[in-house]
Number of protein chains: 2
Amino acid sequence: MSRNEIAVLGYALLGLIQQRPSSGYDLRKIFTDTPMAGYSDSPGAIYPALRRLEEQGLVQGSIVAGAGLRRRKVLSITPAGLAELRKWLAGPIGQDDVGNHLNELMLRFAFLDGAAGEPATLRFLQAFEAELKLYLPTLKNFLSIHAEKLEVSGRLALECGILGYEAQLQWASRAITVYKNREKAQ
Amino acid sequence: MSRNEIAVLGYALLGLIQQRPSSGYDLRKIFTDTPMAGYSDSPGAIYPALRRLEEQGLVQGSIVAGAGLRRRKVLSITPAGLAELRKWLAGPIGQDDVGNHLNELMLRFAFLDGAAGEPATLRFLQAFEAELKLYLPTLKNFLSIHAEKLEVSGRLALECGILGYEAQLQWASRAITVYKNREKAQ
DNA sequence: CGATACATGTAAGAAGTTACATGATTGT
DNA sequence: ACAATCATGTAACTTCTTACATGTATCG
């Protein structure tokens with residue numbers, strides 16, 4: 001991650017702050033209490049990440065000396081932050097994303113609707129579906145070529161991956177239908 | 001990762017070296033050319049990781065001044081390395097592994113058969129199945145509780161995860177059958 | 001002669017982990 | 001008094017990323 005690039009954790013925070021202004025503590029709790037876990041609930045990751053976002057002008061903190069507890073610093077997204085978030089959400093989907101960064105793709109998808117609107121969400125789903133349709137055959141092809149050389153458990157592990165991607169492909173097709181119906185309904 | 005602990009990349013390398021003695025270059029190619037990608041094919045990750053394994057006495061390098069190309073350093077697993085690998089393979093499976101480190105679990109599974117034997121592989125699968133059967137209801141429960149508060153895309157993203165885990169549960173049940181049949185066949 | 005494949009490494013910097021530090025408020 | 005929850009942060013350490021450095025052999 002070179003200077004001025006944002007790590008996945010940064011986008012996760014930016015997306016959540018876009019949904020509603022939050023303190024570092026609020027955000028930590030989301031990571032510990034919901035299935036959105038896996039994005040490090042540790043203060044040693046979150047507070048420095050928030051400070052970086054603030055230094056880049058993507059979020060703005062205001063201290064709420066509120067209701068008696070220790071001071072809270074509530075972060076809100078700035079126009080620049082919203083633009084940056086949308087740029088990330090609308091970015092292309094590559095082979096590598098589908099194969100090795102599915103979590104990040106699903107994180108993007110979860111924010112798309114609220115932050116970039118339904119047309120952008122539909123475009124994402126169609127790109128995701130298209131990429132899966134390219135990726136699945138290469139996986140299956142690899143398996144059929146190497147099946148004999150692999151150990152039983154290695155072969156099964158690959159099959160597990162393939163089944164997962166097939167489930168996701170079906171999901172994507174269904175989700176596309178959902179968004180197309182919503183489009184018509186308007 | 002504190003001193004003397006091994007990162008996932010380290011175990012991936014250890015497992016591959018156990019399958020067959022390999023050079024750093026051989027290992028890199030596996031990460032670039034096969035669906036086992038996602039474990040950083042960069043020399044800046046692999047060579048330092050291999051040196052750490054060697055310093056810990058888990059692999060042993062021997063320089064092959066071989067066939068005319070630049071010297072190769074071929075690494076073989078040591079008895080200590082095999083013990084460490086088996087310890088990792090046989091470790092418990094927790095909620096957190098299923099929810100956030102599925103890749104690591106599948107990596108373990110891919111090596112289990114060859115490095116720890118079929119009984120250990122079957123035990124792994126049964127533990128994996130059991131943990132999925134605990135985890136899936138908590139996910140579904142979370143979804144039903146929060147469905148109304150979530151945006152459409154957030155809800156769909158969760159459903160995507162659920163479908164993936166259901167596919168994996170079916171896979172695990174099938175794989176258990178495969179290993180039980182092999183057990184009987186002996 | 002230049003590109004490509006083989007082959008191993010280092011250096012600077014970014015980001016995460018664990019553990020610690022600090023401090024207020026509420027409940028027991 | 002003490003634990004738990006709220007709340008923000010830092011320090012040391014590990015690891016990974018990106019980019020560079022080095023060198024041989026083969027092919028067109």
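Note on naming: letters A, B, ... go to the chains in the order of the sequence lines (proteins, then strands), and numbering restarts at 1 for each one.
Tested against D26(A), the residues R72(A), R20(A), K73(A) include a single salt bridge (Lys or Arg N to Asp or Glu O under 4.0 Å) partner, R72(A).
R52(A) has a side-chain polar atom (N or O) that falls below the 4.0 Å cut-off from OP1 or OP2 of dA15(C). Within the structure, every side-chain polar atom (N or O) of S42(A) is placed at least 4.0 Å from both OP1 and OP2 of dT18(C). Here R71(A) does not reach the OP1 or OP2 of dC6(D): none of its side-chain N or O atoms lies under 4.0 Å away. Dashed line: the shortest gap from a side-chain N or O of Y47(A) to OP1 or OP2 of dT8(D) is under 4.0 Å. Applying the 4.0 Å criterion to OP1 and OP2 of dC6(D), one finds that Y25(A) has a side-chain N or O inside that range.
Spacing between atom CD of Q56(B) and atom P of dT14(D) amounts to 11 Å, rounded to whole angstrom units. If you take CG of D41(A) and P of dG16(C), they are 13 Å apart, rounded to a whole angstrom. Regarding E54(A), its CD atom lies at a distance of 13 Å from the C1' atom of dT8(D), rounded to whole Å. Distance, K29(A) NZ to dT8(D) C1': 14 Å, rounded to whole Å. Spacing between atom CG of L13(B) and atom C1' of dC16(D) amounts to 13 Å, rounded to whole angstrom units. The interatomic distance linking E5(A) (CD) with dT18(D) (C1') rounds to 11 Å, in whole Å. Going from atom OH of Y11(A) over to atom P of dA15(C) covers 11 Å, rounded to whole Å. When rounded to the nearest whole Å, the span between CG of L27(B) and P of dC6(C) equals 14 Å.
With respect to the salt-bridge test (charged N to carboxylate O, under 4.0 angstrom), the residues R174(B) and E129(B) do not qualify.
The 5' end of DNA chain C is approached more closely, in terms of each residue's nearest nucleotide, by L9(A) than by the other of P43(A) and L9(A). Of the residues near DNA chain C, G10(A) and S23(B), the one whose nearest nucleotide (by heavy atom distance) lies more toward the 5' end is S23(B).
Backbone-only engagement by G24(A) is indicated by non-hydrogen atom pairs under 4.0 Å involving sugar-phosphate atoms exclusively. Across all strands, R51(B) comes closer than 4.0 Å only to sugar-phosphate atoms, never to a base (heavy-atom distances).
Among the nucleotides dT17(D), dA7(C), dT8(D), the one closest to the side chain of R72(A) is dT8(D).
Looking at Q60(A), its side chain never comes within 3.5 Å of a backbone N or O of S76(A) through a donor-acceptor pair.
Taking the six-membered ring wherever Trp is involved, the centroid distance between the rings of F109(B) and W171(B) falls below 6.0 Å.
Among all heavy-atom pairs drawn from I93(B) and F128(B), the shortest one is CD1-N, 3.7 Å.
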